[in-house]
Amino acid sequence: MAQYNHQEIEAKWQKCWEPINSSTQQPIQPKAQKPLGPKFYDLVMFPYPSGNIHMGHVRNYTIGDVIARFKRMKGFNVLHPIGWDAFGLPAENAAIKNQTHPADWTEKCIKHMTGQIKRLGISYDWGREVTTCTEDYYKWTQWIFLKFYEQGLAYRKKSQVNWCPGCQTVLANEQVKEGLCWRCDSQVEEKDLEQWFLKITAYAERLLTDIEKLSGWPEPVKIMQRNWIGKSKGVEINFRLTNHNSQLTIYTTRPDTLFGVTYMVLAPENPLVDELVNGTKFEAEVKKIREKIKSETTSQREESQGKEGVFTGAYAINPATNEKVPIWISDYVLMGYGTGAVMAVPAHDQRDFEFAKAHNLPIKVVITPHTSQLTPDTITEAYVDEGTMINSGKFNGLPSNEALQKIGDKFGTWKTNFKLRDWLVSRQRYWGAPIPIIYCNKCGLVPVPAKDLPVKLPKDVKFTGKGGSPLAGNKEFVETKCPKCGAPARRETDTLDTFNCSSWYYLRYCDPKNDQQPFAKEKADQFMPVDQYIGGIEHAILHLLYSRFFTKFLFDQKLISVDEPFKNLLTQGMVIKDGAKMSKSKGNVVDPDDIVNKYGADTARLFILFAAPVEKELEWSDKGVEGCYRFLNRVWRLATGPLEPANKLRGSNERGNRNVQSQVFEQAITKKLHQTIKAVTEDIEKFFFNTAIAKLMEFVNFLYSCSDIGHRTLDIGPLLKLLSPFAPHLSEELWHQLGNQTSIYQEAWPTYDPLLIKEDELNIVVQVNGRVRDNLTIPAEADQETIKAKALASEKAQKFLARQTIIKIIVVPNKLVNIVTG
RNA sequence: GCCCGGGUGGCGGAAUUGGUAGACGCAAGGGACUUAAAAUCCCUCGGGACUUAAAUCCUGUGCCGGUUCGACUCCGGCCCCGGGCACCA
């Protein structure tokens, strides 16, 4: 018997699988199920080609592969593609550092990572490989951008934007995490710049309501998206200004507190501020404060906690009370939300309360709790709950929730607001898809005609890392002719945020070679939506929200027939070591290559699935890996062996059921096998891979515990099939050693016989007052009365029943009897 | 502060319509085989009491209460850990 040589076996089968892997066009069909089964689109988040795969990738791709192989054997027509999210900053930074071109660097990385992925034995359809930085791909990224532009959903606007000094480019709101750049952790600054936006806010309502449709998504992800979109219902109320013609519009979700307004606050950037203070004695002071606030970073602003502010000298009239209230500016009011102005009700809003305390502004209570009385003197924090209206004219005495509706109706206009901002998509970087726009002195802004796409990214560019769009330095690129009038014109030199590229790649996989359109509708329709999407939770908002937006837009353009891209989503947990995320600086990185070399891909795959449930964090353990390696060796010996001498020699301490006739073993093994088929199948369907593997181990352990008589007659084919999604190489090798000529994953998935898994005898627990006292073995067909009688007759139970009155006996079929005493 | 997850042996984790807590794996201890080691195979393995041993009993799923014949599982209150959002009016 040859030893289990993982290196030899894995290399051999990876080579054999090459032609089968790249052939979704001619899907692999189980022999038993000839007609093409229903489609199943199995997708993992495509990687950024950073140079090396890490354990997170291994986990991601292994999960996807188990599902792909399982579904194929189940008869589905599986689409299981892979590609590269290849535009992005690291390539450019590497270029600056190493004097290589981003294109060359990226190509090298892809080549290396391709080899690494192939060595994992993942059954990708490499014939559909997609790379976002190639002209044939980004041509269509640009094309889609132009579609947005045509529909008025891509526009340029000057506004306050997030600037990352580290990346030397602007960022979208979604890309700022707690004031820091999501990529490089630099403190994000605010800048006034003219930039390109996609009008994702036009889809805010649909992006929100359609979350309901995503029954196959984890609840936390849906909650995060809901919060990010941040819908709120309120009213806009106009306040007249004294000594001015214009009026002040505020947004509030609490019109019930309108009578409690004691001052107003404008965002420092609100244009009305100039109108109010220009030429007054307040101008200098207000503008000083405004400049100070503007210069502050987000985190400095947070520290000020809404205490920074100054009176503008102007007053507004409360439409409900006709009271004159002062107008202030403060950093706690944001220009980007609502109208950039609020009515301040210190008694019922904590931020207003704190500001009022800090600046000695009056407090007026208009809602009081049902149980106690609230006065401006006794109040120590804002009362934000519901209550009874007071000091509110004819609304006095009403419950506040009723007054909210009535006051809103009377004084304002109902309005829905979203926290979601439009998506800033322009980047002042080189390594991305050029924005296909031309600026003409006569015609203004002109989109590049579709026939002229792609706007090619020139190779000859200087990388200084000093800021500004690198493309601006390339004359040949910048200088062009206006497509409309032919006059000399300039190209846009910003590139698209790479999240544009990743927002539609799953559609390109459906038709990757199309040079007429991004994808043919009928081909996209054939596979969309993605049946199972697998990736890290870090994209809960970013990529997943953008992709939903793109899909809805393309649906509206009638380019596809689905309006949600991902039917089911599986968010895998991180791979950690020594309690921390693997990172170079911590020195706790485990290189997948090392594991594959030492133990093989099958072991790596098995361990990464076995060590933890998919959605939870996975603590890497070298010892645990060895355990999985041992298991595969056990399977190997089981299949290739005669039993080893040591195994035969277990003479003295063997279990009772040994040395019986082989027939008995056969029956027992068959039963256990069918139970295992059932359990493993159900576990895989629920993505409980860790317990599926445990059940395979149990079965193997069971086989080992049977005598060699049992072994000799054993057909391990079904076991190999059950194991094949997890450890494809070893299963395939042993499958062929059994004499089979065709690939194991062209086999149909094993089925179980419900009659065979039935136990003839059941183990029934006998409890007295809920505590276990005895175990009974009872024929499966025994009726309740028999079981009751046997339980009562139990000697061990009797001990606890002495001098007790039995009140009732509870029989749980197939499980237990509980005798309750008084 | 708000919103989500999650607390089970020495460790990773099982136990999803309330029904034998600790499957499976790791580590540890003991044994078989071996000149020896490795590999392999077998046994033990939450804590405690009692005992030569077997047996038996008590206790135990973050903490405190509750519902129930019966609670890791359901309810109320609290503590701790992880993640997300963070002046959104």
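Any value given below was found using the heavy atoms of this structure, including those in side chains, with hydrogens, waters and symmetry copies removed. A, B, ... follow the sequence lines: proteins, then strands. Residue 1 opens every chain.
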Any-strand Watson-Crick or G-U partner of B:rA28, both distances under 3.5 Å: B:rU44

Record whether the side chain of A:Q350 comes under 3.5 Å of the base of B:rG1 through a donor-acceptor pair of N or O atoms. no

When all nucleic acid strands are considered with a 4.0 Å heavy-atom cut-off, which category describes A:F800: base, sugar-phosphate, or nothing? sugar-phosphate

Gap in Å between the two C1' atoms, one belonging to B:rU52 and one to B:rA39, rounded: 37 Å

Using a 4.0 Å heavy-atom cut-off across all strands, classify A:R226 as base, sugar-phosphate, or nothing. nothing

Pairing partner of B:rU16, by Watson-Crick or G-U wobble and under 3.5 Å for both distances, is none

Pair A:F355 and A:Y263, ring centroids less than 6.0 Å apart: yes

Whether A:Y337 contacts B:rA89 is assessed here as follows: a side-chain N or O lying under 4.0 Å from the phosphate OP1 or OP2. Is that the case? yes

Is A:D349 salt-bridged to A:R254, going by a charged N under 4.0 Å from an acidic O? no

Would you indicate what A:V812 reaches in the nucleic acid, counting non-hydrogen atoms under 4.0 angstrom: base, sugar-phosphate, or nothing? base

Any strand is fair game: report the nucleotide pairing with B:rG1 by Watson-Crick or G-U wobble, both distances under 3.5 Å, or none. B:rC85

So does A:N633 reach the base of B:rU40 with its side chain, donor to acceptor, closer than 3.5 Å? no

On a whole-Å scale, what distance lies between the P atoms belonging to B:rA54 and B:rC45? 11 Å

Protein-nucleotide distance (A:I229, atom CD1; B:rA86, atom C1'), rounded to Å: 18 Å

Pairing of A:E219 and A:K222 as salt bridge, 4.0 angstrom limit: yes

A:K695 vs B:rA23: side-chain N/O to OP1/OP2 distance below 4.0 Å: no

B:rU56 - base-pair partner by Watson-Crick or wobble geometry, distances under 3.5 Å: B:rA49

When both distances are under 3.5 Å in a Watson-Crick or G-U wobble arrangement, the nucleotide paired with B:rA39 is none

Can you tell me if A:N701 touches the phosphate of B:rG25, counting only side-chain N or O atoms and a distance under 4.0 Å to OP1 or OP2? yes

Answer with base, sugar-phosphate or nothing: what part of the nucleic acid does A:G230 contact at a heavy-atom distance below 4.0 Å? nothing

Give the ring-plane orientation class for A:Y4 versus A:Y629, where under 30° counts as parallel, over 60° as perpendicular and anything between as tilted. tilted

Using whole Å, report how far NZ of A:K581 lies from P of B:rG82. 16 Å

Less than 4.0 angstrom between a side-chain N/O of A:K419 and OP1 or OP2 of B:rC85, yes or no? no

Residue whose nearest RNA chain B nucleotide is more 5′ - A:S232 or A:L618: A:L618

Touch class at under 4.0 angstrom, heavy-atom based, for A:E619 against every strand present: nothing

For A:F702 and A:F699, take the angle between the two ring planes, folded into 0 to 90°, and tell me which bin it lands in: parallel under 30, tilted 30 to 60, perpendicular over 60. parallel

Atom CG of A:D683 to atom C1' of B:rU16: distance rounded to whole Å? 12 Å

Provide, to the nearest angstrom, the distance between the CD atom belonging to A:Q175 and the C1' atom belonging to B:rG84. 17 Å

Does a side-chain N or O of A:R630 approach OP1 or OP2 of B:rA38 to a distance below 4.0 Å, or not? no

Is A:Q767 touching bases, backbone alone, or none of the nucleic acid, heavy atoms closer than 4.0 Å? base

Syn or anti: how is B:rG84 classified when any glycosidic angle within 90° of 0 counts as syn? anti

Please state the P separation for the pair B:rA15 and B:rC41 - nearest whole angstrom. 26 Å

From CZ of A:F631 over to P of B:rU40, roughly how many Å is that when rounded to an integer? 14 Å

Given atom CG of A:L180 and atom C1' of B:rG84, what is their separation to the nearest angstrom? 15 Å

Reckon A:D352 touches a base, only the sugar-phosphate, or nothing at all at heavy-atom distances under 4.0 Å? nothing

Tell me whether the OP1 or OP2 atom of B:rG60 has a side-chain N or O from A:R771 closer than 4.0 Å. no

Sugar-phosphate, base or nothing in reach of A:I810, heavy atoms under 4.0 Å: base

Identify whether any heavy atom of A:K623 sits under 4.0 Å from a base atom; if not, whether one sits that close to sugar-phosphate; answer base, sugar-phosphate or nothing. sugar-phosphate

Out of the candidates A:K581, A:E538, A:M582, A:M55, only one should pair with A:M574 under the side-chain contact (heavy atoms from CB on, under 4.5 Å) rule; please name it. A:K581

If I take atom CG in residue A:L632 and atom P in nucleotide B:rC24, what distance separates them, rounded to the nearest angstrom? 18 Å

Watson-Crick or G-U wobble partner for B:rC78, using a 3.5 Å limit on both distances? B:rG62

Judged by nearest nucleotide, the residue sitting upstream toward the 5' end of RNA chain B, A:M224 or A:T252, is A:M224

In whole angstroms, how far is the C1' atom of B:rG1 from the CD atom of A:E354? 11 Å

For side chain to side chain donor-acceptor pair (under 3.5 Å), just list the numbers for A:S232 and A:N417, CA-CA rounded to whole Å, side-chain angles, deciding distance to a tenth of an Å, and then say yes or no. CA-CA 5 Å; A:S232 80; A:N417 261 329; 5.3 Å; no

What's A:N818 touching, base or sugar-phosphate or nothing? Going by heavy atoms closer than 4.0 Å. base

So, applying side-chain contact (heavy atoms from CB on, under 4.5 Å) with A:E174, which one of A:N162, A:L424, A:I541 is it? A:I541

